[in-house]
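Here the structure is a predicted model, which is why all the values come from computation and not from measurement.
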Amino acid sequence: MVKLTWERFGVVRECWGCLTEEELESSAMAIQGDARLDDMYYSIHDFSNVTDFSVSDNGLEFMGARAGVAVQRNTRLKVAFVGDHPVLSKLINAFNDSGLAAIRIQRFDTLEDARNYVSTGVRMIHPLPSSKE
């Protein structure tokens, strides 16, 4: 299961249970296709309650590369993943190793650590619009 929560300066994607490739893909497309992506300060992806992933390696590679292309125009964006499932490492590496984005995904053990990371050294002054444009 996946829940997206748009906040004042970014988005939080919470995932739990057995996460399927379709759920991961659909929620990624909802974020990457949103007009607010280019203005976001952060994107937090909380996988700490995921019990298992049903995602192919090819799917992970594709999602990582597509995400790298999607965020190319937003160099201030901080992306934080929460959790320690081995599939997360593959997804993070697919993004970070793609060479398609100027930013890198960081992994954290807790949502609190991820929130601290995205707020450190950033002056968030332009809130996101309240809905899609």
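- Remark: the backbone N or O of G17 is not paired with any side-chain donor or acceptor of N49 at under 3.5 angstrom.
- Taking CG from L37 and CG from L128, the interatomic distance works out to 10.0 Å, rounded to the nearest 0.5 Å.
- Distance NZ/K90 to CG/L60: 7.0 Å, rounded to 0.5 Å.
- A cation-pi contact links K78 to Y117, judged by a cut-off of 6.0 Å to the six-membered ring centre and 45° from its axis.
- Annotation: R73, atom CZ; neighbour count of heavy atoms from other residues, nucleotides and ligands within 6.0 Å does not exceed 12.
- For the pair R104 and F95, the cation does not sit on the ring face, since its NZ or CZ is not both under 6.0 Å from the ring centre and inside 45° of the axis.
- For E7 and R36, the salt-bridge test fails: no basic side-chain N is under 4.0 Å from an acidic carboxylate O.
- At least one donor-acceptor pair under 3.5 Å links the side chain of N93 to the backbone N or O of S89.
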| said: Does N58 form a side-chain hydrogen bond (donor to acceptor under 3.5 Å, both in side chains) with S56? I'd like the steps, not just the answer. | reply: CA-CA 5 Å; N58 286 342; S56 70; 5.6 Å; no
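- Here the straight-line distance linking atom CE of M63 with atom CG of L24 works out to 4.5 Å at 0.5 Å rounding.
- The side-chain contact (heavy atoms from CB on, under 4.5 Å) test with V79 is passed by exactly one of I92, V71, I103: I103.
- Ion pairing between a basic and an acidic side chain is recognised when a charged N comes within 4.0 Å of a carboxylate O; R13 and D46 show no such pairing.
- No side-chain heavy atom of N74 sits less than 4.5 Å from a side-chain heavy atom of D39.
- Every residue two or more places apart in sequence or in another chain that forms a salt bridge (Lys or Arg N to Asp or Glu O under 4.0 Å) with R66 is listed here: E25.
- Going from atom OH of Y42 over to atom OG of S119 covers 9.0 Å, rounded to the nearest 0.5 Å.
- Scanning for side-chain contact (heavy atoms from CB on, under 4.5 Å) contacts around E61 gives A94, with sequence neighbours left out.
- Following chains of ILVMFWY side-chain contacts shorter than 4.5 Å, one can reach L91 starting from L4, so the two form part of one hydrophobic cluster.
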| query | Taking it one step at a time, do E21 and S54 satisfy side-chain hydrogen bond (donor to acceptor under 3.5 Å, both in side chains)? | reply | CA-CA 6 Å; E21 190 161 337; S54 178; over 6 Å; no
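- The ring-ring contact (aromatic ring centres under 6.0 Å, His included) analysis of residues 52-91, with sequence neighbours excluded, yields the pairs H45-F81, F47-F53, F47-F81, F53-H85.
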